[in-house]
Amino acid sequence: MTSTAPETQRGQDAGDALGEQPTSWQRRLRRFGHVPRPETPLRDRLDPPYTRPGRQVWSVLAIPPHVAERLVRWSGWGGPLLVTLVAGLLRFWKLDRPHAVIFDETYYAKDAWALVNQGYEGSWPKDVDKLILKDPSSVPIPTDPGYVVHPPVGKWIIGFGEQLFGFTPFGWRFMVAVLGTVSVLLLCRIGRRLFRSTFLGCLAGLLLAVDGLHFVMSRTALLDLIVMFFVLAAFGCLVVDRDRARRRLADALPVDAEGVLRPDARIAETLRLGWRPWRLAAGVMLGLAFATKWNGLYVLAAFGLMTVLWDVGARRTAGAVKPYMAVLRRDLVPAFVSTVPVAIVTYVVSWTGWIVTDKGYYRNWAATEGKNSSWNWLPDWLRSLWHYENQVYDFHVGLTSGHTYESNPWSWLVLGRPVSYFYEEEAGCKESTTGKCASEVLAIGTPLLWWLACFALAYVVWRWLFRRDWRAGAIACGVAAGWVPWFFYQERTIFLFYAVVFVPFLCLAVTMLLGAIVGPAAGQGARAELGLTSGDPTGERRRTLGAIAAGVLVLLIVWNFIYFWPLYTGTSIPEDLWRDRMWLDTWV
């Protein structure tokens, strides 16, 4: 395991060996172990190298150097794919169980089936779920338009699985499980790029693979997991774009006679960073996110600001005297065009089925009730869509009816009130003292992971504010974009499972904390380059203890996921064991 920070190891000899001349107060502080922080080379600040495992690892495993080199080269994809394989096996195991329409699947599974067959959602009769489960072929698709309150992309995706495997629980859950599995691969690769460590990237993916809320949502035909996938994909695109832009800046800067990269104010402030396809891809992903549910719109705003601030940091590092003015002149307009208009166009295109079929709800509003509008110069379909969106917005902000499983966003991180998607009792259970067995699908995160994430978020915020660590700021931005907007609608009926959108960023925060617990790798930084890390038993002892502590925490999280497995999968267990897993009264 490697440190999540780019800081180098420090020692009493490092400052002098690097040619620094300590001041008198620094010499006095050295009595207490203070050493000036060695300066990181400019190229490494713009384009940090990836961490490589130390030679001791391979020698302990008796792996020859040429084989070790090949393993390191393959691990960038091999490790994430292995973690993804485990996540996929977990998510697809008995995906059709429970054989029921659970929670809001009653809306999205049926709307998706109508959408992929006729281009718009229908008005389904009540109590049709049992007929669908018994014989879906006997249930006709209603031609009367249905009033739906979410955009169509998520339902198109669910419907694609139904087209492949039929109008069955497996069919309507299939594509959500695919996206849940692929999101683990995305997080592994994003974490690897973020921390410059394959191990930490895989650790972040593993944590996501064993998070209970992500697991349950990956096995349920709801929209929130789909929003999470597109948000995470957009974040990954922006991280890649950041790396490429900074590498382009580094390549354009001058090199002195000694081969050292030097900052240059003129280049840093005037260089055009050119075509940035990854930022454009992020715009498409963010458009798909809020074309699934509207909360993706807040993520678009937060990520748009974040990527502009990344450009400011890059130009400042490269030597810009006025980085904000440079970004305003060179980067702001391209950044806006690559994200906001692209996302809006993506959103409108997602309504193509509703537009071309001419039969969806409110589709002909402009030609009937709205025919006297002052906006008649606009196409009828656009005015009808705008009216529909206004009606949907009024519905969402006015949704204040109580629900058994509603929860305030303040309680989400501590898992105050999870949502029960499915519950069934079985009488005559001999293993239980009550004579009953219980089957439940409970949408709840892995408790130990989420409770550790509370401390990890505090560490991330501290690191962002006091260490100016851009990675901590990016993680905090991801959490805030998915969580903070719900505080503006606390009177609305909202649920814990909405938090799945920022679960990957919680896993990144925990990974960052675990990396800090382990500490920097031996041989990292200036002391290693000077040969000063050998014979440092204190550093090795601290790292060993940190690795043990971090390893124990990860094992506890995995155990916690296994312990709650019956509640994630609807497995029938004695009621006594079910009650043992109700750690808080609010979970019942």
Side-chain angles (χ1 to χ4, degrees), residues 102-108 148-151 153-155 157-158 176 179-180 183 208 211-235 286 288-303 392-393 395-421 441-447 449-450 453-454 457 476-507 509 568 586-587:
I102 64 175
F103 202 64
D104 281 354
E105 283 186 341
T106 187
Y107 304 115
Y108 306 127
V148 295
V149 295
H150 292 298
V153 164
K155 288 167 282 187
I157 291 173
I158 293 171
V176 184
L179 296 188
S183 66
L208 186 63
D211 174 64
L213 183 61
H214 185 274
F215 176 80
V216 171
M217 297 299 289
S218 298
R219 293 168 53 89
T220 312
L222 270 64
L223 302 180
D224 301 86
L225 190 284
I226 301 173
V227 178
M228 180 279 306
F229 175 82
F230 289 127
V231 167
L232 183 61
F235 181 78
L286 290 169
L288 292 172
F290 85 84
T292 301
K293 285 188 78 171
W294 278 2
N295 53 314
L297 193 59
Y298 294 100
V299 182
L300 170 63
F303 282 9
V392 169
Y393 178 78
F395 168 83
H396 282 304
V397 298
L399 186 61
T400 57
S401 57
H403 193 284
T404 304
Y405 293 107
E406 66 178 315
S407 61
N408 192 284
W410 287 108
S411 69
W412 287 358
L413 286 184
V414 294
L415 304 175
R417 182 59 171 165
V419 182
S420 180
Y421 285 172
V441 176
L442 188 66
I444 184 174
T446 303
L449 173 60
W450 281 62
C454 295
L457 283 179
C477 179
V479 174
W483 185 28
V484 171
W486 294 110
F487 289 96
F488 298 106
Y489 302 97
Q490 294 186 58
E491 72 285 352
R492 186 185 181 276
T493 307
I494 52 182
F495 303 92
L496 170 66
F497 64 81
Y498 295 170
V500 74
V501 173
F502 60 84
V503 164
F505 300 96
L506 293 182
C507 294
Y568 298 144
T586 54
W587 293 4

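In this structure, Thr586 contributes its side chain and Gly416 its backbone to a donor-acceptor pair below 3.5 Å. Within the 3.5 Å criterion, the main-chain N or O of Leu415 finds a donor-acceptor partner in the side chain of Trp587.
Contact annotation: the side chain of Asn295 approaches that of Trp486 to within less than 4.5 Å [non-hydrogen atoms, C-beta and beyond]. Between Met228 and His214, the closest side-chain pair of non-hydrogen atoms falls below 4.5 Å. Val441 places none of its side-chain heavy atoms less than 4.5 Å from the side chain of Phe103. Within the 4.5 Å cutoff, the side chain of Glu105 has no heavy atoms near those of the Tyr421 side chain. Annotation: side chain of Leu457 is in contact with side chain of Leu413 (closest heavy-atom distance under 4.5 Å). Counting heavy atoms from C-beta outward, Tyr107 and Leu223 have side chains that stay 4.5 Å or more apart.
Sorted by first and then second residue, the pairs that involve residues 218-232 and meet salt bridge (Lys or Arg N to Asp or Glu O under 4.0 Å), not counting sequence neighbours, are Asp224-Lys293. The list of salt bridge (Lys or Arg N to Asp or Glu O under 4.0 Å) pairs with a residue in residues 488-499, not counting sequence neighbours, is empty.
In terms of heavy atoms, Pro418 sits closest to Tyr405 at O-CD2, 3.4 Å. The shortest heavy-atom contact between Ala480 and Pro485 is O-CD, 3.3 Å. When every heavy atom of Cys477 is checked against every heavy atom of Ala302, the shortest pair comes out as SG-O, 3.8 Å. Across all non-hydrogen atoms, the minimal contact from Val227 to Ala289 is CG2-O, 4.0 Å. When all heavy atoms of Asn408 and Trp410 are compared, the closest pair comes out as OD1-CD1, 2.8 Å. Taking every heavy atom of both residues into account, Cys454 and Val414 meet most closely at SG-CG1, 4.3 Å.
Atom CD1 in Ile226 sits 6.0 Å away from atom CG in Leu179 (nearest 0.5 Å). We find the OG-CG distance between Ser218 and Leu208 to be 7.5 Å, quoted to the nearest 0.5 Å.
Contacts of Tyr393 classified as side chain to side chain contact (heavy atoms under 4.5 Å, CB included), with partners at least two apart in sequence or in another chain: Trp294, Val397, Tyr489. For Phe290, the ring pair (Phe, Tyr, Trp, His ring centres under 6.0 Å) partners two or more places apart in sequence, or in a different chain, are Tyr347. Taking Val149 as the reference, Tyr147, Val392, Phe395, His396 meet the side chain to side chain contact (heavy atoms under 4.5 Å, CB included) condition, with sequence neighbours excluded.
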Would you give me the side-chain donor-acceptor pairs under 3.5 Å for residues 493-507, sequence neighbours excluded?
unit_1, atom_1, unit_2, atom_2, d
Thr493, OG1, Leu399, O, 3.4
Thr493, OG1, Ser401, O, 2.4

Given the rule in the side chain to side chain contact (heavy atoms under 4.5 Å, CB included) test, do Val231 and Phe303 qualify, once you have shown the distances and angles that lead to the verdict? CA-CA 9 Å; Val231 167; Phe303 282 9; 4.1 Å; yes
Hey, mind stepping through Leu222 and Val176 against side chain to side chain contact (heavy atoms under 4.5 Å, CB included) and telling me if it holds? CA-CA 8 Å; Leu222 270 64; Val176 184; over 6 Å; no
